[in-house]
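Take a look at the structure set out below.
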Amino acid sequence: MLIKTLGRVDYAATLEAMRAFTDARTPDTPDELWLCEFDPVYTQGLAGQADHVLAPGGIPVIQTNRGGQVTYHGPGQVVAYPLVDLKRLGIYVKEYVFRLETAVIQTLESVGITGHRVAGAPGIYVRLNDPGAHGALSLPADPADPFKGLGKVAALGIKVSRHCTYHGVALNVSMDLKPFDGINPCGYAGLATVDLATLGVFTDWATVARRFGERLQAQLSP
């Protein structure tokens, strides 16, 4: 897998480039991983509902063809786009998503944070009161609020075309989190969104991008 660190790029242009790469690739095309960062933008998935965009406040809202609901991208967030041939890798979509989430969990572990999965809610979450706690999550204390006590640190939304993936996963490093208040993140009203800085980890985009890229490369290589 070829890792390309693109840095700050335009969202719409990057989306079009991913589509073009995927449409043009053949069974012999090497997989790539694009690591990038965007100016403020809301992106709406195929399942997205307009009423989950509460107050965009001038931030553009772009409709996309990935799965999932609305999310926010902005400076200080590592966005990883694996362009992977799942048929060649020998895995299905469910396993692919599991491996993406595993790479996030491993990246968080490298900075002392424990990431958790929540059934039925793709992405990675952390305990707000003890981000480094290693114990597994139990059933939600309040069934009406499955995210009580949790914050989302990474969002996931993918597209698969002819067994080939694009879009991907966003990991919050050190960013202005206020724009998340303008939406129901991933379609969940009141879901807290956090970044590494909120959790007491002070690092830079390049360091996290490199570590995250290494974990994804390991997870998505034959």
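- Contact check for Trp205 versus Pro75: no side-chain heavy atoms found under the 4.5 Å cut-off.
- For an aromatic pair to be called close, the ring centres must be under 6.0 Å apart, and Tyr188 with Phe147 satisfies this.
- Taking both residues in full, the closest heavy atoms of Pro82 and Gly168 are given as CD-CA, 4.0 Å, listed atom of the first, atom of the second, then distance.
- When all heavy atoms are compared, the tightest approach of Leu156 to Glu101 is CD1-CG, 3.9 Å.
- A donor-acceptor pair under 3.5 Å is formed between the side chain of Arg99 and the backbone N or O of Gln219.
- Two residues are said to be in side-chain contact when any heavy atoms from C-beta on lie closer than 4.5 Å; Leu100 and Leu220 meet this criterion.
- Between Val53 and Gln44, the shortest heavy-atom distance links the atoms CG2-NE2, 3.9 Å.
- When all heavy atoms of Met1 and Val84 are compared, the pair lying nearest together is CE-CG2, 3.6 Å.
- The aromatic rings of His167 and Tyr81 sit perpendicular to each other, their planes meeting at more than 60°, with 30° as the lower class boundary.
- In the hydrophobic clustering of ILVMFWY residues, with side-chain heavy atoms under 4.5 Å counting as a link, Ile124 and Val118 come out apart.
- No option in Val153, Leu199, Val201 other than Val153 meets the side-chain contact (heavy atoms from CB on, under 4.5 Å) test with Leu108.
- For the pair Leu89/Tyr96, no side-chain contact is recorded, criterion being any heavy-atom separation below 4.5 Å from C-beta on.
- Checked by atom type, the side-chain pair Tyr166/Asp23 shows no donor-acceptor distance below 3.5 Å.
- Between Tyr72 and Phe180, the ring-plane angle classifies as perpendicular under the 30° and 60° cut-offs.
- The backbone N or O of Thr114 lies less than 3.5 Å from no partner atom in the side chain of Arg127, so there is not a single donor-acceptor pair.
- The main-chain N or O of Pro185 is never found under 3.5 Å from a side-chain atom of Gln69 such that the two would form a donor-acceptor pair.
- Placement of Val79 and Val173 in two distinct hydrophobic clusters is found when ILVMFWY residues are connected by side-chain heavy-atom separations under 4.5 Å, directly or transitively.
- Between the side chain of Gln63 and the backbone N or O of Gly45, at least one donor-acceptor pair lies under 3.5 Å.
- In terms of heavy-atom proximity, Pro131 sits nearest to Asn129 at CD-C, 4.0 Å.
- The main-chain N or O of Thr107 is found under 3.5 Å from a side-chain atom of Ser110 such that the two form a donor-acceptor pair.
- Contact detail for Arg117 and Ile105: the closest heavy-atom pair is NH1-CD1, 3.6 Å.
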Check step by step if side-chain contact (heavy atoms from CB on, under 4.5 Å) holds for Arg211 and Val111.
-> CA-CA 10 Å; Arg211 290 181 181 178; Val111 293; 3.0 Å; yes
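- Look at Arg25 and Asp31 and you find a salt bridge, because one of the NZ, NE, NH1 or NH2 atoms lies within 4.0 Å of a carboxylate O, short of that distance.
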Evaluation steps, side-chain contact (heavy atoms from CB on, under 4.5 Å), between Val104 and Phe212 | CA-CA 7 Å; Val104 176; Phe212 194 22; 3.6 Å; yes
Does the side-chain contact (heavy atoms from CB on, under 4.5 Å) test come out yes or no for Asp181 and Leu54, once each step is laid out?
-> CA-CA 8 Å; Asp181 295 337; Leu54 308 175; over 6 Å; no
Checking side-chain contact (heavy atoms from CB on, under 4.5 Å) for the pair His52/Ile183: CA distance, chi angles, key distance, verdict?
-> CA-CA 6 Å; His52 287 312; Ile183 59 173; 5.9 Å; no
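- When atom types are taken as modelled, the side chain of Arg66 and the backbone of Thr43 share a donor-acceptor pair closer than 3.5 angstrom.
- When the shell of 6.0 Å around CD of Glu109 is examined, it contains 12 or fewer heavy atoms from other residues, nucleotides or ligands.
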